[in-house]
Protein chains: 2
Amino acid sequence: MTPIFKVDHTNCQDCPIRHRAVCAHCDADELEELEEIKYYRSFEAGQTIIWSGDQMNFVGSVVSGIASLTQTMEDGRTQMVGLLLPSDFVGRPGREIAPYDVQATTDLVMCCFRKKPFEELMGTTPHIAHRLLQMTLDELDAAREWMLVLGRKTAREKIASLLSIIARRDASISKKGNSGPIVFDLPLTREAMADYLGLTLETVSRQISALKKDQVISLQGKRHVTIPDMGRLMEEAGDDSDGGFLV
Amino acid sequence: MTPIFKVDHTNCQDCPIRHRAVCAHCDADELEELEEIKYYRSFEAGQTIIWSGDQMNFVGSVVSGIASLTQTMEDGRTQMVGLLLPSDFVGRPGREIAPYDVQATTDLVMCCFRKKPFEELMGTTPHIAHRLLQMTLDELDAAREWMLVLGRKTAREKIASLLSIIARRDASISKKGNSGPIVFDLPLTREAMADYLGLTLETVSRQISALKKDQVISLQGKRHVTIPDMGRLMEEAGDDSDGGFLV
DNA sequence: TGCGTGCTTTGACAGAGATCAAGTGGAAAC
DNA sequence: GTTTCCACTTGATCTCTGTCAAAGCACGCA
């Protein structure tokens with residue numbers, strides 16, 4: 001993923017964040033305006049950042065940690081509809097009211113921009129609009145991939161799909177080679193996984209136990225996962241090819 | 001919805017299509033270039049327009065009829081991931097390979113643009129990129145709404161949700177008033193509805209029968225639906241407010 | 001050390017929806 | 001008029017996942 005403001009971060013010396021989507025320090029031309037409208041916010045795990053229906057006077061992107069978008073029905077059923085990883089964008093230019101709850105799933109730092117000036121900047125800086133379009137299309141693809149998971153996969157396949165996504169994301173950061181076991185920490189509680197997958201937390205727990213028993217994965221503690229054979233996991237997920245999730 | 005090329009269609013005299021998303025005839029400045037790269041295609045109900053994995057050398061928008069995006073797993077399970085109504089956009093600038101099957105659900109006319117020139121035009125015409133961003137964000141919202149439907153709603157609520165969407169879309173075209181019964185034809189087979197909702201066609205049929213029995217809807221024939229009380233239907237769908245679906 | 005609290009696991013059971021299997025009805029074709 | 005075909009409906013049964021309940025485990029706190 002290329003940053004909105006600049007592709008190359010190598011000369012990004014005094015940038016405190018170095019995350020990939022928004023890095024105003026990297027672009028001298030836009031720096032001055034942005035300093036006025038940009039700020040950082042930190043959240044603790046579990047904190048709600050925005051409530052559905054709230055006025056949204058900023059947009060922003062995730063610097064570190066994980067945030068989630070969730071929808072809740074009157075009777076309390078909730079469905080996660082987005083998982084925001086570092087560099088992902090929150091908020092929509094032109095929208096006043098937040099349509100989802102946004103929650104910090106882990107401790108989180110966001111880089112926020114006041115909405116009005118950001119919109120103006122977008123009007124005068126075409127490559128921001130282009131970059132935003134690209135990111136939105138990626139998110140749309142990811143959402144559609146999830147619709148297949150939610151609509152047609154079994155509980156076991158759902159879990160395998162989720163693990164596969166997280167593994168691949170971490171792999172792209174921590175590993176170069178394509179073989180060997182993959183190791184990572186689950187950034188989600190069982191309940192959050194259930195909300196993402198349209199399951200109950202009990203079913204999530206049972207299926208994780210089953211995958212462990214069948215040696216598709218192994219667990220150290222509750223959250224630390226080792227995947228001995230990524231191909232095997234992807235078979236379990238029902239993915240036909242290695243193309244796929246774009247989260 | 002405003003068109004990509006021009007907001008106001010009142011002076012769109014010789015435009016043969018007059019659909020809302022793309023109407024090249026409306027904009028004199030862009031006309032000449034576009035005449036070279038624009039063409040129409042018709043499809044019969046059931047025809048596949050693009051296979052997943054195909055090279056895509058065009059983008060376009062739906063003029064009339066309904067198209068669907070579907071994903072299929074190796075074993076044949078299929079999930080619809082998008083429903084394209086007139087004015088909706090197909091294809092993605094910058095993408096070579098189609099990620100989904102695109103099928104004509106009803107008889108269909110599309111307005112297509114060769115991809116390369118369209119991309120160039122987009123580069124030089126900022127408002128096209130902006131419009132596309134807006135449409136993509138709308139689609140993303142609709143996809144996320146569907147994730148709630150797929151993940152957390154019961155079969156009955158799913159059917160009610162789908163009917164509610166179709167009713168509201170038709171209502172926005174055919175009705176001005178907000179009360180009174182709503183009448184429309186289902187543009188989908190039971191199987192297509194099932195693929196959209198992550199159900200089997202038998203369950204779809206049973207739930208439609210149940211809604212009929214409970215007088216939430218009434219049917220003339222298999223496809224012609226009357227909704228006596230829209231509020232009642234939305235209750236059945238589990239929608240808490242009238243805000244909602246953006247398909 | 002002991003105790004609560006939050007997250008997780010596991011068990012027993014029930015129910016919503018899938019699966020398998022006929023059967024209906026209407027429209028086009030012969 | 002009859003046949004054929006296709007979309008749809010309905011029934012019987014099975015099974016996966018949800019629900020309710022209890023218990024385990026790790027960690028912080030008194």
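Here is the naming used below: chain letters follow the sequence lines, and residue numbers restart at 1 for every chain.
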From CD of A:Gln207 across to P of D:dT17 the rounded distance in Å is 6 Å
**Study point:** Backbone N/O of A:Leu69 and side chain of A:Gln103: donor-acceptor pair under 3.5 Å
**Key:** no
Separation of D:dA26 atom C1' from A:Leu219 atom CG, nearest Å, is 15 Å
Whole-Å distance, B:Lys212 NZ to D:dT9 P, equals 6 Å
inquiry  = Counting the atoms with a prime plus P, OP1 and OP2 as sugar-phosphate, which does B:Ser205 contact under 4.0 Å by heavy atoms, base, sugar-phosphate, or nothing?
reply    = base
| message | Tell me if the side-chain of B:Arg206 makes a donor-acceptor pair with the base of C:dT19, cut-off 3.5 Å, by modelled atom types. | response | yes
Is it true that A:Glu202 and A:Arg206 have a side-chain N and a carboxylate O under 4.0 angstrom from each other?
no
From NZ of A:Lys222 across to C1' of C:dT5 the rounded distance in Å is 14 Å
Separation of C:dT8 atom P from A:Gln220 atom CD, nearest Å, is 16 Å
Whole-Å distance, A:Leu201 CG to D:dT17 P, equals 15 Å
Rounded to whole Å, CZ of A:Arg223 lies from P of D:dC25 at a distance of 18 Å
Closest to the 5' end of DNA chain C, once A:Ile208 and A:Arg152 are matched to their nearest nucleotides, is A:Ile208
### Query
Donor-acceptor pair under 3.5 Å: do we get one between A:Glu202's side chain and the base of D:dC20?
yes
>> I'd like to know if B:Asp138 pairs up with A:Arg95 as an ion pair, taking the criterion as any Lys NZ or Arg NE/NH1/NH2 lying under 4.0 Å from an Asp or Glu carboxylate oxygen.
In response: no
Requested in this report: Have a look at B:Gly46 and say if it touches a base, only the backbone sugar-phosphate, or nothing, with a 4.0 Å heavy-atom cut-off.
Outcome: nothing
ask   = Within less than 4.0 Å of OP1 or OP2 of C:dT9, is there a side-chain N or O belonging to A:Ser209?
value = no
Pairwise side-chain contact, B:Arg77 with A:Thr154, heavy-atom cut-off 4.5 Å (strictly under): yes
Whole-Å distance, A:Leu197 CG to D:dT17 P, equals 12 Å
Which of C:dA18, C:dT8, D:dC8 is nearest the side chain of B:Thr200? It is C:dA18
* Heavy-atom side-chain contact between B:Leu219 and B:His224 under 4.5 Å -> no
